[in-house]
Amino acid sequence: MAAKRKLAENPNSELIDFLHELADYEKNVSRMIHKYNAYRKAASSIAKIDHKIQSITDIKGLEGIGKKIAAKIEQYLSTGKIKKLETNRGDETGAAINQMTRVMGIGPTHANKLVHQEKITSIDELRSHPKRDQLLNKTQQLGLKYLEEFEQKIPRDEIKQMETILLREITAMDNLLRAEIVGSYRRGATASSDIDVLVTHPAVAKLPSLLHKIVETLTKQFHFITDTISIGDSKFMGVCQIDTSKLHRRIDIRYIFN
DNA sequence: TAGCAACG
DNA sequence: CATCGTTGCTAA
């Protein structure tokens with residue numbers, strides 16, 4: 001295989017990162033979803049520019065860049081910094097809220113509640129909190145338990161091994177069932193953030209309970225699935241592990257029935 | 001049971 | 001890339 005070339009970096013990536021950071025703060029901490037959208041829109045406009053922005057005239061009139069954001073970009077161009085961003089970074093409460101949102105299932109609403117009502121300021125404090133299990137629903141408890149593992153990318157080779165097991169065991173259950181790994185793995189990625197499985201059955205009006213059956217088998221017979229986050233008739237979200245020496249991984253199984 | 005929160 | 005469908009939780 002040809003050596004993988006490093007993707008040419010966007011000439012304005014630092015500015016784009018700053019805008020994303022401002023956006024996240026508005027969404028997670030200030031709870032201003034419209035400001036969040038405005039920053040995202042501005043960032044995506046700038047991402048389309050293929051040369052390094054030299055002056056404010058390069059972006060004046062660009063879609064999604066109004067007075068307020070233009071002023072911040074001006075600050076960035078002249079000083080390399082954005083005051084608002086520096087202020088945000090100095091906000092310890094805001095930092096705590098952002099930490100909480102690292103946990104799967106904890107969004108802006110719950111993160112704010114944990115920090116403002118329970119005065120929790122870090123992941124460690126959340127872990128050791130006496131009321132931890134009352135403060136978090138089941139999804140969030142799993143998210144906290146596996147936080148560091150879920151933040152690790154899954155090497156392609158590991159997904160390949162999982163693919164072998166999944167395809168074998170699912171077709172063994174019913175030889176009409178077809179399973180395939182989709183998502184970034186399917187698109188050739190060398191590492192993925194989760195495993196995305198698509199299961200189809202050619203027969204019409206097949207029982208919706210088939211997904212439950214698949215999940216039950218992979219859990220009880222093979223101990224491949226270790227936890228269920230949510231399960232309905234068409235979508236399973238959970239946790240799996242190829243063997244006990246490997247990390248726990250996020251897995252989604254979608255079942256398409258006609 | 002509706003409506004919110006979170007995920008992908 | 002954002003919007004929307006699916007799922008779970010909880011207040012009413």
Side-chain angles (χ1 to χ4, degrees), chain A residues 7 10 12-13 16-17 19-24 26-49 62-65 97-118 126 131-147 149-151 153-154 159 180-187 189 191-200 208-212 214-216 219 225 227-240 248-258:
Chain A
L7 217 60
N10 187 296
N12 302 297
S13 59
I16 292 167
D17 287 348
L19 292 172
H20 282 151
E21 198 175 333
L22 286 163
D24 288 344
E26 296 299 339
K27 176 163 71 94
N28 295 330
V29 182
S30 308
R31 315 304 319 281
M32 297 281 172
I33 198 67
H34 295 105
K35 290 189 182 184
Y36 164 81
N37 286 327
Y39 280 123
R40 299 289 298 200
K41 191 171 182 183
S44 84
S45 279
I46 288 170
K48 289 174 187 157
I49 300 179
L62 214 61
E63 193 181 357
I65 313 236
I97 291 166
N98 281 323
Q99 284 304 301
M100 299 301 124
T101 63
R102 286 170 59 202
V103 176
M104 178 189 59
I106 300 184
T109 303
H110 209 81
N112 272 269
K113 212 171 282 180
L114 292 172
V115 172
H116 288 124
Q117 293 180 19
E118 306 298 329
L126 182 56
K131 291 195 297 171
R132 183 187 65 195
D133 291 353
Q134 290 81 273
L135 261 25
L136 304 177
N137 67 30
K138 208 185 154 216
T139 300
Q140 296 162 339
Q141 289 176 38
L142 289 170
L144 184 58
K145 180 179 181 183
Y146 297 124
L147 175 61
E149 291 178 71
F150 289 168
E151 286 181 342
K153 287 274 193 170
I154 313 166
I159 300 189
E180 55 186 318
I181 313 289
V182 294
S184 59
Y185 171 84
R186 184 62 192 265
R187 298 191 291 272
S192 307
S193 52
D194 62 9
I195 304 116
D196 203 350
V197 189
L198 186 63
V199 177
T200 53
S209 64
L210 239 165
L211 181 58
H212 295 77
I214 291 169
V215 169
E216 192 185 343
T219 304
I225 291 173
D227 302 88
T228 293
I229 295 164
S230 66
I231 182 168
D233 291 342
S234 62
K235 194 171 77 170
F236 163 82
M237 291 173 55
V239 185
C240 69
H248 290 84
R249 308 298 196 179
R250 274 281 296 105
I251 181 169
D252 292 344
I253 305 176
R254 282 178 294 151
Y255 174 51
I256 310 292
F257 50 97
N258 303 295

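Chain naming here is simple, since letters A, B, ... match the order of the sequence lines and numbering starts at 1 in each. Note that these values count all heavy atoms, side chains included, but never hydrogens, waters or copies made by symmetry.
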Would you please name every residue forming a side chain to side chain contact (heavy atoms under 4.5 Å, CB included) with Q140(A), sequence neighbours left out?
-> I106(A), H110(A), L136(A), N137(A)
Does S234(A) place a side-chain N or O at less than 4.0 Å from the phosphate oxygens OP1/OP2 of dT7(C)?
-> yes
For D252(A), check side chain to side chain contact (heavy atoms under 4.5 Å, CB included) against everything at least two apart and list the hits.
-> D194(A), D196(A), M237(A), R250(A)
Would you check if D233(A) and H212(A) make a side-chain contact, meaning some heavy-atom pair closer than 4.5 Å?
-> yes
Would you mind building the protein contact string for nucleotides 3-8 of chain B? One character per nucleotide, 5' to 3', B for base within reach (heavy atoms under 4.0 Å), S for sugar-phosphate only, - for untouched.
-> --SSSS
When all nucleic acid strands are considered with a 4.0 Å heavy-atom cut-off, which category describes N37(A): base, sugar-phosphate, or nothing?
-> nothing
Residues D227(A) and F236(A): closest non-hydrogen pair is O-CZ, 3.9 Å
Atom CG of D233(A) and atom P of dT7(C) are separated, to the nearest Å, by 7 Å
State which residues pass salt bridge (charged side-chain N to carboxylate O under 4.0 Å, His left out) with K131(A); sequence neighbours excluded, sorted by chain then number.
-> E118(A)
State the CD-CD distance between Q141(A) and Q134(A), to the nearest 0.5 angstrom.
-> 8.5 Å
Whole-Å gap separating P (dT6(C)) and CD1 (I229(A)) | 18 Å
Between CZ of R254(A) and C1' of dC4(C) the distance, given in whole Å, is 14 Å
Table of protein N/O atoms under 3.5 Å from nucleotides 10-12 of chain C N/O atoms:
none

Under the side chain to side chain contact (heavy atoms under 4.5 Å, CB included) test, residues paired with Q117(A) that sit two or more places apart | K113(A)
What are the two closest heavy atoms between T101(A) and A111(A), and how far apart are they?
-> CG2-CB, 3.6 Å
